[in-house]
Undergrad: 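I am attaching a structure below and will ask some questions about it afterwards.
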Amino acid sequence: MLAIEVKNLTKEFNGLKAVDNISFSVEEGEVFGLLGPNGAGKTTTIKMLATLLNPTKGEAKVWGFDVLKQRNEVRNSIGIVFQEPALDNRLTARENLDFHARLYGLDKKTREIRQKEVLTLVNLEDKADVLVENYSGGMQRRLEIARGLMHYPKVLFLDEPTLGLDPQTRRNIWDYIRELNRREKTTMILTTHYMEEADYLCQRIAIIDFGKIVALDAPQNLKNILGGDIISVEATPLDRAIVTFKKLPWVKKASIHEDFIDLSVEQGEKKIPLLVKIDQREERIEIRTINLRKPTLEDVFLHFTGKTIRETETSQAEKNKMRMKRRVRMR
Amino acid sequence: MKPNNFQTIYVMWLREMKRFLRAKSRVIGTLAMPFFFLLTMGFGLRTGFNLPGMPKSANYLDFLVPGIIGMTMLFTSIFTGISVLWDKEFGFLKEIMVAPVRRTDIVLGRIAGGVTTALIQGILILIISLFMGFTIVNPFGIILAFLFMFLIGVGFIGFGIAIASVMEDIQGFSLITQLIIFPTFLLSGALFPVTNFPGWLKPIAYINPLTYGVDGLRASLIGFSQFPLFLSLSILLIFGFLMIILGSYLFSKTEV
């Protein structure tokens, strides 16, 4: 059975297309990733699937229910962990979970059993009666994941589940996510702009940029598209160097990126000596550094969108910082 | 109503109670203004102060207390709307909006919570005024007074939620409510009899729901009123009902 079915989904804000005619489907029990820079339309997509925003065009079904016509059925089938915290800080963890469970109509006995289960799953059983305002960022995120699972959702949405967390906490959250996918067989849709995260957690990934899906496959298949290894060469002058590299029979693809030329090659370790020889032979170009690596999703992203995810990100990071400042001042 | 509807109302109420009990500063903050009004005007104008339109037997404190209780209900009620905006600001509104429950029940739950906290504060003001020398004419009138306080609360909380649902942030909400709260309070007859207003101002006082709330409270507590009790009660019932509908409608349109 398909957990999610999206057809030609579009969302416009004041004429701007935040999500542009996307279609995809997610199998039951799958961990599916939406990967893209901030502002690509990931959160908007999730919000439409979670009935929080109405699509401008197209249709979407979650667990067989239409997100426009069967909103309550959809709401009953899903759990969601939002990108920004959505807990009541003045309540304890237990009270937050209890609030949630009552809204979803769980009876007293189920509430108590389930509360223990989810708190144990995220290792918060000792802190259950502490006010959430005293929680660290990582603990809050874990509590939100626990809460999202409280009512046995069929589909769990995780919007940037590790945004702003330190590497160790991030790793822990990943383990929780894997564990609960294994143990509870929950279908999960997660959005992220961390390549490693998508790579580590997702069985399939849709790369989304400017509201469009530009690629969709298993992480390994996406990487295989690039074929073999990647050698980044820092060389001057760039324009002359790339002409030289493109003539080499063993270079499948060469592209300039910032001060580097990325070469797609097979068996990269054997090609490094060849590059060194070129440096010695060609007097008109100078190679400064050579770097060999296995392709990552970052390279896949670059391949499909023509830029790295960090470039798209920088301006957004500034905006977020301003926003955080405003929020602190509000308190 | 399905059991789940009650559960929604109950859980929204329960949350409000827990937050209320944990925020002592909020109680003191909202009580400060009515308390100072009561203190300064009540003591300052007590002896021998009688305005045209007031019963000859009553002193000004007796006249003032129902007005200040009405004021307390108005202030605390409208600011319940702020909790909607706090929830928006802190993200908790998303948690509520994504739940499979009727939007009307969420609003009813908020009203239940808001009315309870407003009633507690109104009763505190009543108790304080008893220590200042306020006398309740008819003890059974207290029950009627609670009913009026309840209706004032429901109406203005519904109104507050309606405004909060269309506002983006707390500053905007505060500005709008300041523009509404003070005229509503000053033109309700809480401080002076409405009959003393000039002719052009009277219609505004007469379309102000709080006028009937304050008048009903006066009828209940000191046995003096300008309008028939039944009229005040009906108008407040209609006002409350309309505000619940308006609040629910606008709240259900909120996108987060």
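This one's a predicted model, so the numbers in the text were calculated from it and none came from an experiment. Letters A, B, ... are given to chains in the order of the sequence lines, protein chains preceding strands, and every chain is numbered from 1.
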Undergrad: Go through the atoms of A:H100 and report whether side chain, backbone, both or neither lie under 4.5 Å from a heavy atom of chain B.
TA: both
Undergrad: Taking side chain as everything from C-beta outward and backbone as N, CA, C, O, which of these in A:R147 sits under 4.5 Å from a heavy atom of chain B? Side chain, backbone, both or neither.
TA: side chain
Undergrad: Does the side chain of A:P85 come within less than 4.5 Å of B:F90's, by heavy atoms?
TA: no
Undergrad: Is it the case that the side chain of A:R102 and the backbone of B:T8 share a donor-acceptor pair, with hydrogens and angles ignored and the cut-off at 3.5 Å?
TA: no
Undergrad: Which answer fits A:F99, side chain, backbone, both or neither, if we ask what part of it has an atom under 4.5 Å from a heavy atom of chain B?
TA: both
Undergrad: Could you please spell out the steps behind the side chain to side chain contact (heavy atoms under 4.5 Å, CB included) verdict for A:I78 and B:V98?
TA: CA-CA 9 Å; A:I78 61 166; B:V98 81; 4.2 Å; yes
Undergrad: Write down the atom of A:A86, the atom of B:G91, and the distance for their closest heavy-atom approach.
TA: CB-O, 3.2 Å
Undergrad: Working to the nearest 0.5 angstrom, can you tell me the gap between A:L91 CG and B:R22 CZ?
TA: 6.0 Å
Undergrad: Taking atom NZ as the centre, does B:K18 end up with more than 12 heavy-atom neighbours from other residues, nucleotides or ligands that are less than 6.0 angstrom away?
TA: yes
Undergrad: Does B:I143 have more than 12 heavy atoms from other residues, nucleotides or ligands lying within 6.0 Å of its CD1?
TA: no
Undergrad: Got more than 12 heavy atoms from elsewhere within 6.0 Å of OH, B:Y249?
TA: no
Undergrad: Starting at CZ of B:R19, measure out to CD of A:E95 and round the result to the nearest 0.5 Å.
TA: 11.0 Å
Undergrad: Taking atom CH2 of B:W86 and atom CZ of A:R90, what is their separation to the nearest 0.5 Å?
TA: 8.5 Å
Undergrad: May I ask you to check whether over 12 heavy atoms, not counting those of B:K94, lie within 6.0 Å of atom NZ?
TA: yes
Undergrad: What is the distance from atom CG of A:L52 to atom OG1 of B:T254, rounded to the nearest 0.5 Å?
TA: 11.0 Å
Undergrad: Please output the side-chain donor-acceptor pairs of residues 233-248 of chain B that fall under 3.5 Å, not counting sequence neighbours, one pair per line with the distance.
TA:
| from | atom 1 | to | atom 2 | distance (Å) |
| --- | --- | --- | --- | --- |
| B:S234 | OG | B:F230 | O | 2.6 |
| B:S248 | OG | B:I244 | O | 2.7 |

Undergrad: Taking side chain as C-beta onward, heavy atoms only, is A:N72 less than 4.5 Å from B:V101?
TA: no
Undergrad: CG of A:D88 to CZ of B:R15: how many Å apart, nearest 0.5 Å?
TA: 4.0 Å
Undergrad: As an exercise, state the distance from CD of B:E95 to CG of A:L87, rounded to the nearest 0.5 Å.
TA: 8.0 Å
Undergrad: For A:K109, which residues count as a salt bridge (charged side-chain N to carboxylate O under 4.0 Å, His left out) partner, sequence neighbours excluded?
TA: none
Undergrad: Write down the atom of B:A99, the atom of A:Y104, and the distance for their closest heavy-atom approach.
TA: CA-OH, 3.6 Å
Undergrad: Can you confirm whether more than 12 heavy atoms, excluding those of B:F150, are under 6.0 Å from its CZ atom?
TA: no
